[in-house]
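Heads up, the thing below is written out as structure tokens.
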Amino acid sequence: MAGLYIHIPFCKQACSYCDFYFLTRQQLREPFLEALSEEIYSYKETRYTSEPVTSIYLGGGTPSLLNESQLSGIFKVLHDVFDLQPVEVTMELNPDDVTAEYLSMIRSLGVDRASMGVQSFHEEILSFMHRAHSRDEALAALELLRKTDFPSFTADLIYGNPGQTLQMLEADLLQLLQFNPPHISAYSLTVEPKTRLGKQVDLGRIKPTDDEEVAAHFDLVQTVLSDAGILQYEVSNFSKPGKEAVHNSNYWTHQNYLGFGPSAHSFWWGENEAKRWKNRPDIKHYIDKAPKESVEELELLDMKTLAEERIMLGLRTVKGISAEDLKQKYNFQFSEKQKNWIELQSEKKMLRFENGHLKLTPAGLKISDLLVVDLLSRGS
Ligand code: SF4
């Protein structure tokens, strides 16, 4: 069972916090789509097409900048190359691109889950983020998802913005809940170097929100959403039961996936190791050289590295990690030092063992990154 990710690297404008690979110039769209087809076709009749594809994710960038013939071209190539049996086909949409006709068009192409980049309903925050959409456009897009009975959707919110109060965040959450979302991803604002935000922070023009305040935002997100029956299943992801994201969950459990487009990653299991590779984040290079020379990095991951990665990803989820799975699939067992540490953290109520699964408590999830580093540093 494999997943496919397609990176569409075009955006209307650069959001201030974003460090994904994208361009705001649109001229290269057609040559990019040709190179993308070529890259996908290069997998035809290889070992990578031997298993059915169970999830497809169109991300970016902004896939909703593509029109019907561009999108149907991509799906046609995917159909030609892979055995598509998807249980989930997600497409990222920006609110300012959404119309009833657009939703019906992507639905007819097989998209059954819309991922809407809302981020906030406050104009001042949207403007601070340099988003291309307004509050009204976000409300209208969500209303259309409801009206058109789109099969499923998720919305992204960002908290921890400078100047964002708890009241503002609560208002955003309550506003979003009005649309009965099956799934919400809530991320704390991260200051990445080389972004517009990163530069403003470096110049001292913006002071990032302090950690305590961000933690209070995180608490509020957890409380408001769980009160509404939208439960946390990963540090940044919340859903109604049964509406967890299939595609992203597959990343966390090391399922095979292929990524297409500049900057896309792929992961594939071999005999006693796995391979991860990444396309160069450079559209010109991609157009000129794909598919032969698009790969920039190739990593061979041994079982120990994979087990540690699985622990790191698994402990970010509410399900946790199965000790049996670690043993069977990765030939991994916790060291004595790690077992002692687990016992100590259980006493501190940061984690617990339940039905053979090691999982973090809500308090532990808040500091999951610290706990994971601490645990892994005690390996043999
Ligand atoms: S629309 Fe998305 S990918 Fe494009 S700049 Fe904004 S956050 Fe980044």
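Since we're looking at a predicted model, the values are computed, not measured. For ligands, and for the atoms within them, numbers begin at 1 and follow the listed sequence.
Using a 4.0 Å cutoff on heavy atoms, M129 does not count as a contact of ligand 1.
The protein heavy atom nearest to atom 1 (S) of ligand 1 is N94 ND2, 3.4 Å.
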Just do the side-chain hydrogen bond (donor to acceptor under 3.5 Å, both in side chains) check on N279 and E296 with the steps written out, would you?
-> CA-CA 5 Å; N279 284 351; E296 178 183 58; over 6 Å; no
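Using a 4.5 Å cut-off on side-chain heavy atoms (C-beta onward), R352 and S346 make no contact.
Partners of H247 according to the ring pair (Phe, Tyr, Trp, His ring centres under 6.0 Å) rule, which considers only residues two or more places apart in sequence or in another chain, are Y57, Y251. Here F334 pairs with F332 under the ring pair (Phe, Tyr, Trp, His ring centres under 6.0 Å) rule; sequence neighbours left out.
Only the backbone of Q13 comes within 4.0 Å of ligand 1, counting heavy atoms alone; no side-chain atom from C-beta on gets that close.
Of all atoms in ligand 1, listed by their number and element, those nearer than 4.0 Å to a heavy atom of R131 are 1 (S), 6 (Fe), 7 (S).
You'll find the ring centres of W268 and Y43 outside the 6.0 Å limit.
Ordered by chain and number, C18 SG make up the set of protein N, O or S atoms under 2.8 Å of atom 8 (Fe) of ligand 1.
In this pair, W269 and F267 present their aromatic rings perpendicular. The plane angle is above 60°, beyond the 30 to 60° band.
The cationic atom of K339 (NZ for Lys, CZ for Arg) does not lie both less than 6.0 Å from the six-membered ring centre of W341 and within 45° of the ring axis.
The hydrophobic cluster around V201 extends to Y17, I125, F128, M129, I158, M168, L189, V191, L197, I206, counting ILVMFWY residues whose side-chain heavy atoms fall within less than 4.5 Å of a member.
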